[in-house]
Amino acid sequence: MQINKINLYLFFQICKNFLLILFIFLSVAWLLQISRLFTITNFMHIQIFDVILLSIYLIPNIITVISPFIIIFALLFCFVKLNRDNELVAILSLGLGLQPFKNTLFFFGIIIFFLFNILNLYAAPKIYETYKINEYNLRNTLNFNNMSFSNFINLNNSTILDFNKVNNEYLDIFISFKDEKENIVYAKKGNIINDNYHYRFQLSDGFRISIDKTNQIEKLEFLNYVLKIDKKNIIKGEIIDQNTFTILDDLKNGNKLNIVFKIIDIFLIIFIIYFFYNNNLKTINFEFKNNIYFSLLCISILILNQIHKNSDVSFINYIITTSIIIFSSIILTWIKIRYEQN
């Protein structure tokens with residue numbers, strides 16, 4: 001009964017610190033993301049509520065990225081406080097040894113492992129896919145009358161639009177689009193009509209250049225020209241983004257690299273908890289230098305892993321490089337422990 005109360009108390013303290021740091025990290029990351037969305041969509045005069053709602057879809061993906069960092073600081077803050085308040089010494093004085101700490105960390109690790117797997121393997125990619133679709137469609141549901149410039153908008157997968165607007169008149173209209181040919185259209189002025197199914201451009205005083213597959217160039221100069229382009233909203237299955245693939249998608253497509261990415265993310269969560277126990281808790285060493293060593297080493301591994309994932313890396317290179325990083329950290333820790341013992 002006494003052990004259960006101690007385990008429950010330690011678990012509550014860890015969870016309290018975890019949720020506090022989660023709130024801080026998530027708030028900062030979410031504010032950075034929403035400010036980016038506001039910057040992108042501000043000149044389009046998109047409703048603020050739509051941007052805020054869109055940003056909410058980013059939260060699960062943000063959590064999967066910041067979770068390892070949260071665990072690092074949650075464990076440190078929790079046990080540094082317990083040590084400072086002499087609660088660790090009090091628990092050890094009961095003659096129970098390190099067993100309550102092992103049990104609590106194991107139980108906490110199981111819960112984090114379970115929740116992180118749900119997010120990382122399925123929920124976060126699914127919700128992020130919804131975000132990408134909504135972002136694309138929101139950015140391309142445009143009210144041209146409210147825009148003073150366009151900044152090279154992607155109207156669909158094959159059409160780019162740019163223009164200036166002075167006194168409600170469209171000037172210097174540039175359109176690049178692909179059909180059977182690659183086409184560039186420029187007009188000194190014109191009008192843009194956005195209906196339910198098409199973009200209609202009524203252009204004046206300009207030219208159209210078309211390049212076919214044999215690189216033959218055709219140029220048409222015009223005084224008045226009407227161009228109609230179909231709208232194409234992005235749908236599920238058209239997004240090429242590794243972050244939108246669930247583990248089921250990866251298995252179906254044989255995407256070994258993305259599967260390994262997910263496995264390594266899970267492994268790093270376990271590694272951080274285990275490393276904290278061996279480096280700090282096992283010896284009740286919460287000195288400043290030791291805490292800095294633990295946090296810097298873990299953060300360095302996480303950052304290097306993220307950089308490697310976002311680079312154009314092959315399956316074999318990622319496995320080898322990640323193994324070297326983790327093995328080097330283990331060797332470095334072993335050398336540190338031997339040095340401290342001597």
Side-chain angles (χ1 to χ4, degrees), residues 33-55 57-58 128-241 244:
Q33 289 297 322
I34 199 172
S35 64
R36 179 186 66 86
L37 290 175
F38 276 129
T39 301
I40 293 172
T41 59
N42 183 50
F43 75 94
M44 300 180 187
H45 294 270
I46 295 174
Q47 294 294 323
I48 293 177
F49 175 78
D50 292 332
V51 178
I52 293 174
L53 184 62
L54 177 66
S55 68
Y57 289 105
L58 283 170
Y128 189 69
E129 182 182 38
T130 303
Y131 160 78
K132 296 292 287 186
I133 293 170
N134 290 344
E135 181 195 31
Y136 183 93
N137 293 334
L138 183 62
R139 290 177 63 179
N140 292 283
T141 305
L142 306 175
N143 185 350
F144 293 108
N145 293 326
N146 292 332
M147 297 170 59
S148 57
F149 62 96
S150 63
N151 198 25
F152 294 97
I153 300 171
N154 289 288
L155 296 181
N156 56 43
N157 292 334
S158 60
T159 306
I160 297 174
L161 169 66
D162 187 56
F163 62 81
N164 290 318
K165 193 176 180 184
V166 180
N167 297 326
N168 290 324
E169 185 177 11
Y170 298 96
L171 304 175
D172 296 326
I173 301 171
F174 170 86
I175 306 167
S176 173
F177 69 97
K178 293 181 181 179
D179 43 26
E180 295 82 10
K181 302 177 181 180
E182 294 187 12
N183 304 278
I184 296 174
V185 178
Y186 172 81
K188 290 184 178 180
K189 60 182 179 179
N191 190 28
I192 305 173
I193 300 172
N194 183 1
D195 59 32
N196 291 331
Y197 303 103
H198 306 95
Y199 299 104
R200 284 197 297 124
F201 302 91
Q202 298 172 345
L203 308 173
S204 300
D205 194 8
F207 61 85
R208 170 175 171 168
I209 296 176
S210 300
I211 305 174
D212 62 19
K213 294 180 180 179
T214 61
N215 292 326
Q216 295 296 315
I217 299 175
E218 177 184 348
K219 183 176 181 180
L220 169 68
E221 294 185 359
F222 57 81
L223 292 177
N224 294 290
Y225 185 71
V226 176
L227 176 65
K228 184 166 64 175
I229 294 177
D230 294 335
K231 286 186 177 181
K232 297 177 182 178
N233 284 343
I234 193 169
I235 59 175
K236 292 187 177 183
E238 293 183 351
I239 300 175
I240 308 299
D241 190 325
T244 64

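Only a predicted model underlies this, so the values are computations on that prediction, with no experimental measurement involved. Just the heavy atoms: all of them, side chains too, but no hydrogens, waters or symmetry mates, feed the values below.
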Inset, instruction - Run the numbers on Thr159 and Tyr199 for side chain to side chain contact (heavy atoms under 4.5 Å, CB included), then give the verdict. - result: CA-CA 11 Å; Thr159 306; Tyr199 299 104; over 6 Å; no
Legend entry - Parallel, tilted or perpendicular, as decided by the 30° and 60° cut-offs, for the rings of Phe163 and Tyr170: perpendicular
Legend entry - Spatial distance of atom NZ (Lys165) from atom CG (Asp172) [nearest 0.5 Å]: 14.5 Å
Legend entry - Results of ring pair (Phe, Tyr, Trp, His ring centres under 6.0 Å) for Tyr131 - residues two or more places apart only: Tyr128
Legend entry - Side chain to side chain, Asn183 and Arg208, heavy atoms closer than 4.5 Å: yes
Legend entry - Atom pair CD1 (Ile209) and CD (Glu221), whose distance is rounded to the nearest 0.5 Å: 9.5 Å
Legend entry - Close side-chain approach of Leu161 and Ile229, heavy atoms under 4.5 Å: no
Inset, instruction - Evaluate the side-chain proximity of Phe201 to Val185: yes if any heavy-atom separation is below 4.5 Å, no if none is. - result: no
Legend entry - Reported CZ-to-OH distance for the pair Phe207 and Tyr186, which is rounded to 0.5 angstrom: 7.5 Å
Legend entry - Distance, nearest 0.5 Å, that separates CG of Asn224 from CG of Leu203: 9.0 Å
Inset, instruction - Can you measure from CG (Leu53) to CG (Asn134) and round to the nearest 0.5 angstrom? - result: 7.5 Å
Inset, instruction - Please report the shortest heavy-atom distance between Thr244 and Lys132, naming the atom on each side. - result: CG2-CG, 4.2 Å
Inset, instruction - Could you pull out all residues at least two apart from Asp205 that satisfy salt bridge (Lys or Arg N to Asp or Glu O under 4.0 Å)? - result: Lys188
Legend entry - Nearest-0.5 Å distance that lies between atom CD in Gln216 and atom CD1 in Ile211: 10.5 Å
Legend entry - All ring pair (Phe, Tyr, Trp, His ring centres under 6.0 Å) counterparts of Tyr57, not counting sequence neighbours: none
Legend entry - Ser204 to Ala187 - nearest heavy-atom pair and separation: O-CB, 3.6 Å
Legend entry - Nearest atoms (heavy-atom pairs only) where Ser55 meets Ile34: OG-CD1, 3.6 Å
Legend entry - Donor-acceptor under 3.5 Å (Asp179 side chain, Phe177 main chain): no
Legend entry - Minimum heavy-atom distance Lys181-Glu218, with the two atoms named: NZ-OE1, 3.2 Å
